[in-house]
Structure formats: C-alpha cells, structure tokens
Amino acid sequence: EAQVTQNPRYLITVTGKKLTVTCSQNMNHEYMSWYRQDPGLGLRQIYYSMNVEVTDKGDVPEGYKVSRKEKRNFPLILESPSPNQTSLYFCASSLIEGTYEQYFGPGTRLTVT
Amino acid sequence: RKEVEQDPGPFNVPEGATVAFNCTYSNSASQSFFWYRQDCRKEPKLLMSVYSSGNEDGRFTAQLNRASQYISLLIRDSKLSDSATYLCVVNLPNFNKFYFGSGTKLNVKP
C-alpha cells in the first residue's frame, strides 16, 4: 500500500529535550516536506527536500533541522524543543512531475511542556 | 500579508445545497493550484487540482482567475459526507514551496 508513515503519532516532552519525528514514504517520491498546523494559521511549511541531500527552508524553519540521506526518509529534528513548538506536524511527499499531488502522513501531535 | 487567504466559515448548508468557496493568493507568480480536504485534524487529502481552463470532477468544480488572483470551489448537491475543512493551496514556480490557506469549514446538515 502506498503510504507516508510518521512516528511517533503522539508525543509529550519537556523543554530542551532533543527529539526526532520520523517520516518515511514507499512511493519513490523525490519531494518531501514538513508542515506544522496551528489553529487559525493553517499548514505552514517548515522544510522541504527536492531529493537526496537537497533540503531547503520553508517559511518557519527556526528551531528545526532535517536531513535527507535516503530517498524514502525525511526525519524532523528538534534539538531543543520549546513550548511554542507544540503543534500538529505533517510530513508529505510528492513526485516532482505530473499533478504534484502531495500525500500526507497521519500527523504527529507534539506537546512541549 | 498572508500568501493565501480563505474565509474560515463555517458554512452551514442543508443537504442538496450548492455552496461555493473562494480563495485569494498574493503572489502573481504562483504556478499550481489545488483544493485539499481535511477531516477533523486528520491528514489533508487532495480533492482536485485547479487548471487555468477550470475543471470539474463529479459534483465539484474548480475555477482559477489569474487576473484577479483567486481560486474557487463549487460543490453541487451537497452530501453529509462533504462536511470537512477545505484547504486552498498554491505552489510557487520551480515546485519548491507550497502555501496553504487556513481552510474553510463546511457543515452539511440533514
């Protein structure tokens, strides 16, 4: 089954404790992206990647890191989480040709206390 | 100024009604346009892409007006199952960044 998976789905952590949210897709998509969704603000792009070893900042990259060492994986790293990073996070992937339809993972609900 | 703006609603309509949503975008260089559907904090799913000539998929019709920089979605014969939040999405040239509107909530009532 074609899908994007994210882990963990739910996470409660404390300020300053490094964490990683994993994202994996099995569709051989070149493009992958991370978004955060906050009430009234919609989805905002954090980082994106056009292919292996190619990453770039979205609109809200502060406090986040990413890496793309393999085509299928695109982890999101919070080196020192803060309460303002409490949010719902979505990973997405897409081909870079054709319809550009993005397939989204199920989301990770992160709470930083 | 937000890149993409939508009326948050909610739009409360009876079954069978026709409802239309608009969305405006600020960057005239925007290249690709989409409507996504999102159910209750679940992941967004593509409803339809929006083409310059307009396009239709069953009860759904999408239009693009580049001169006025807006996109519309028309839903005919609304079903209870159409209740969701509809997200307008634009993509900048070179296929790098995507901008999402904050969504328009639709409630279809019996």
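Only a predicted model underlies this, so the values are computations on that prediction, with no experimental measurement involved. First the proteins, then the strands, lettered A, B, ... as listed; each starts at 1.
Linking ILVMFWY side-chain heavy atoms closer than 4.5 Å, directly or via other members, places A/Tyr64 and A/Val21 in a single hydrophobic cluster. Under a hydrophobic clustering in which Ile, Leu, Val, Met, Phe, Trp and Tyr are joined whenever their side-chain heavy atoms come within less than 4.5 Å, directly or via other members, A/Met32 and A/Val60 fall into the same cluster. Under the 4.5 Å side-chain heavy-atom criterion for Ile, Leu, Val, Met, Phe, Trp and Tyr, A/Ile96 and B/Leu46 are members of the same hydrophobic cluster. Placement of B/Tyr70 and B/Leu74 in two distinct hydrophobic clusters is found when ILVMFWY residues are connected by side-chain heavy-atom separations under 4.5 Å, directly or transitively. Linking Ile, Leu, Val, Met, Phe, Trp and Tyr whenever their side-chain heavy atoms come within less than 4.5 Å puts B/Leu106 and B/Leu80 in one cluster.
Both the backbone and the side chain of B/Pro44 have a heavy atom closer than 4.5 Å to some heavy atom of chain A. Heavy atoms of B/Gln38 lying under 4.5 Å from chain A belong exclusively to its side chain. For A/Tyr103, no part lies under 4.5 angstrom from a heavy atom of chain B. For A/Leu88, the part lying under 4.5 angstrom from a heavy atom of chain B is the side chain only. Using a 4.5 Å cut-off between heavy atoms, B/Lys45 does not touch chain A at all. For A/Arg109, the part sitting under 4.5 Å from any heavy atom of chain B is the side chain, from C-beta outward, and nothing else.
Contact count against chain B (heavy-atom pairs under 4.5 Å) is highest for A/Pro106 among A/Ser33, A/Pro106, A/Ser49. For the set A/Val4, A/Asp59, A/Leu41, the count of heavy-atom pairs under 4.5 angstrom toward chain B peaks at A/Asp59.
At a threshold of 4.5 Å between non-hydrogen side-chain atoms, the residues B/Tyr36 and A/Gln102 count as touching.
Atoms CE and CD, from B/Met48 and A/Glu101 in turn, are 12.5 Å apart once rounded to the nearest 0.5 Å.
Annotation for B/Glu43 and A/Phe104: closest pair CB-CB, 3.7 Å, computed over non-hydrogen atoms. Smallest separation of non-hydrogen atoms from B/Ser102 and A/Gly40: CB-O, 3.7 Å. Minimum heavy-atom separation, A/Phe90 to B/Lys42: CZ-O, 3.5 Å.
Between the A/Tyr48 side chain and the B/Phe98 main chain, no donor and acceptor come within less than 3.5 Å of each other.
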| task | Might you work through the side-chain contact (heavy atoms from CB on, under 4.5 Å) test for A/Gln45 and B/Phe100, ending with a clear yes or no? | result | CA-CA 9 Å; A/Gln45 195 167 28; B/Phe100 284 70; over 6 Å; no

